[in-house]
Amino acid sequence: MLAAISAAREGASVTLFEKNDRLGKKILSTGNGKCNYTNEVMNASFYHSSTENGLIADVLSRFSEQDTIHFFEGLGIVPKVRMHGLYPNSETAVSIVDALRLEMENLGIKVYTGCGKVKVDKNEKSFIVRGESFDRCIVAVGGKAAPKTGSDGDGYFIAKKFGIDVVDALPALVPLKSDANWLKEVSGVRAASELSLYINNKFIHKSIGELQLTDYGISGICTFELSSEASKAIAQGKKCFIYINFLPDHTKEEVFELLQKRAEVLKKRSMAEFFIGLFNSKLSNVFIKKCGIKAETSVEKLTDKQLMGLADAITALYVPIIDTCGFDKAQTTSGGISLNELNKNFESCKVPGLYFIGEVTDVDGICGGYNLQWAWAGGFIAGKAAANDKD
Ligand SMILES: Cc1cc2nc3c(=O)[nH]c(=O)nc-3n(C[C@H](O)[C@H](O)[C@H](O)COP(=O)(O)OP(=O)(O)OC[C@H]3O[C@@H](n4cnc5c(N)ncnc54)[C@H](O)[C@@H]3O)c2cc1C
């Protein structure tokens with residue numbers, strides 16, 4: 001939609017073909033229905049891609065978060081900032097879809113909805129889409145995440161048909177599955193946590209936020225932030241695990257000292273009561289079980305070795321990761337059209353006039369408005385370039 005607007009504003013005659021019966025179905029589910037459409041803190045480090053050729057930074061410099069804010073302000077969207085994320089002041093994603101739809105109407109863009117799986121063909125002069133000829137074609141069909149919203153990987157078939165290289169698509173921003181037995185006991189617990197991801201025993205990176213523990217594994221934004229790398233590692237058969245620190249910003253030694261002081265004050269309690277007010281009781285049970293301590297043991301009988309064991313369980317609880325929850329539960333896709341195949345305006349190097357933008361490209365951002373920013377920026381740049389390309 002943004003690509004169509006950008007091209008039409010440059011004077012091009014534009015037609016948009018949509019598989020679903022309505023436009024922007026996925027946008028409606030973004031940001032819990034409120035649409036986190038960009039972020040005040042924006043740079044290339046918030047994105048993953050298997051190609052590091054500077055394109056992401058270049059694109060963000062040519063269509064920044066400020067450009068997104070101004071673009072939508074021009075369509076009547078008043079921004080509201082929450083934890084650096086930008087939302088429409090109306091607090092509903094419907095506003096974003098409506099604003100785009102109205103601007104398309106305003107510009108006279110032809111829109112066909114309910115088209116099913118649209119294919120792209122090419123003869124010597126033109127691209128052929130549903131029997132109509134076009135000088136340029138912008139493929140903005142999304143990746144494979146949340147296929148119920150319409151995006152189920154068609155863009156990769158279109159690319160491959162033209163001999164364009166596609167990096168394997170994997171689920172990202174997705175809950176992770178684990179076979180750790182103790183998870184069954186803590187299902188439903190949420191806790192502020194720091195997660196450290198390890199792949200083949202090598203530390204990759206950390207994330208902090210509210211962790212959701214489930215019987216199948218872990219979820220929540222801090223999990224999502226590690227999921228792109230975890231997803232790739234699992235697909236490559238690598239060993240993948242996460243350590244959870246349930247007292248973020250505290251080292252094991254600091255927690256040991258904290259527990260020593262706590263044991264002094266609460267010495268008359270049993271171990272079943274020791275963590276009251278510090279952790280959810282389901283979680284406390286896991287910690288004491290991990291250390292082989294009985295619930296009825298008196299706190300004053302705890303040895304320093306046991307306290308150190310508890311400090312270890314609290315700051316580095318081991319979670320082996322065996323899989324992701326798949327595309328149905330994913331918010332975005334890692335992999336897609338290789339950035340090596342595209343020029344700086346998202347045009348295919350092999351097939352001039354054919355552009356790929358948004359989630360269909362091999363770029364995935366973290367949570368917080370980054371994936372939509374990538375889609376808007378690609379739309380603006382490719383739309384403008386396609387309209388002005390005179391070859
Ligand atoms: C639950 C959820 C929450 C999210 N929340 C956020 C958020 O708050 N902020 C954020 O930045 N990102 C969020 N995302 C990610 C973001 O929505 C996507 O990355 C973004 O929408 C990608 O834009 P796109 O235009 O590339 O693809 P899409 O938005 O997927 O649009 C592609 C369109 O192409 C259509 N289509 C597919 N195949 C064909 C075909 N063959 N022919 C014709 N049409 C076709 C689809 O029906 C769809 O309408 C969220 C995703 C999900 C699933």
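We count ligands from 1, going down the list as the structure has it; atoms in each ligand are counted the same way. Both backbone and side-chain heavy atoms feed into the values below; hydrogens, waters and symmetry mates do not.
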Just list the N/O pairs, ligand 1 to protein, that are under 3.5 Å apart, with the distance for each.
{"unit_1": "ligand 1", "atom_1": "5 (N)", "unit_2": "Gly31", "atom_2": "N", "d": "3.2"}
{"unit_1": "ligand 1", "atom_1": "8 (O)", "unit_2": "Gly31", "atom_2": "N", "d": "2.9"}
{"unit_1": "ligand 1", "atom_1": "9 (N)", "unit_2": "Asn36", "atom_2": "O", "d": "2.9"}
{"unit_1": "ligand 1", "atom_1": "11 (O)", "unit_2": "Gly369", "atom_2": "O", "d": "3.4"}
{"unit_1": "ligand 1", "atom_1": "11 (O)", "unit_2": "Asn371", "atom_2": "N", "d": "3.3"}
{"unit_1": "ligand 1", "atom_1": "11 (O)", "unit_2": "Leu372", "atom_2": "N", "d": "2.7"}
{"unit_1": "ligand 1", "atom_1": "19 (O)", "unit_2": "Glu359", "atom_2": "OE1", "d": "2.7"}
{"unit_1": "ligand 1", "atom_1": "26 (O)", "unit_2": "Glu359", "atom_2": "N", "d": "2.8"}
{"unit_1": "ligand 1", "atom_1": "30 (O)", "unit_2": "Lys26", "atom_2": "NZ", "d": "3.3"}
{"unit_1": "ligand 1", "atom_1": "38 (N)", "unit_2": "Asp154", "atom_2": "OD2", "d": "3.4"}
{"unit_1": "ligand 1", "atom_1": "41 (N)", "unit_2": "Val118", "atom_2": "N", "d": "3.2"}
{"unit_1": "ligand 1", "atom_1": "41 (N)", "unit_2": "Val118", "atom_2": "O", "d": "3.3"}
{"unit_1": "ligand 1", "atom_1": "41 (N)", "unit_2": "Asp154", "atom_2": "OD2", "d": "2.6"}
{"unit_1": "ligand 1", "atom_1": "42 (N)", "unit_2": "Val118", "atom_2": "N", "d": "3.1"}
{"unit_1": "ligand 1", "atom_1": "44 (N)", "unit_2": "Lys19", "atom_2": "N", "d": "3.0"}
{"unit_1": "ligand 1", "atom_1": "47 (O)", "unit_2": "Glu18", "atom_2": "OE2", "d": "2.6"}
{"unit_1": "ligand 1", "atom_1": "47 (O)", "unit_2": "Asn20", "atom_2": "ND2", "d": "3.2"}
{"unit_1": "ligand 1", "atom_1": "49 (O)", "unit_2": "Glu18", "atom_2": "OE1", "d": "2.7"}
{"unit_1": "ligand 1", "atom_1": "49 (O)", "unit_2": "Glu18", "atom_2": "OE2", "d": "3.1"}

So is Arg82 actually on top of Tyr87's ring, under 6.0 Å and inside 45° of the axis?
yes
Ring centres under 6.0 Å, that's the criterion: do Tyr198 and Phe241 meet it?
yes
Going by atom types alone, do Ser50 and Asp362 pair a side-chain donor with an acceptor below 3.5 Å?
yes
Using a strict cut-off of less than 4.0 Å between a Lys/Arg side-chain nitrogen and an Asp/Glu carboxylate oxygen, indicate whether Lys25 and Glu18 qualify as a salt bridge.
no
Apply the test salt bridge (charged side-chain N to carboxylate O under 4.0 Å, His left out) to residues Asp312 and Lys290: give CA-CA distance (whole Å), side-chain angles for both, the deciding distance (0.1 Å), then the verdict.
CA-CA 10 Å; Asp312 191 46; Lys290 281 256 161 213; over 6 Å; no
With heavy-atom distances below 4.5 Å as the criterion, would you say the side chains of Glu296 and Ser270 are in contact?
no
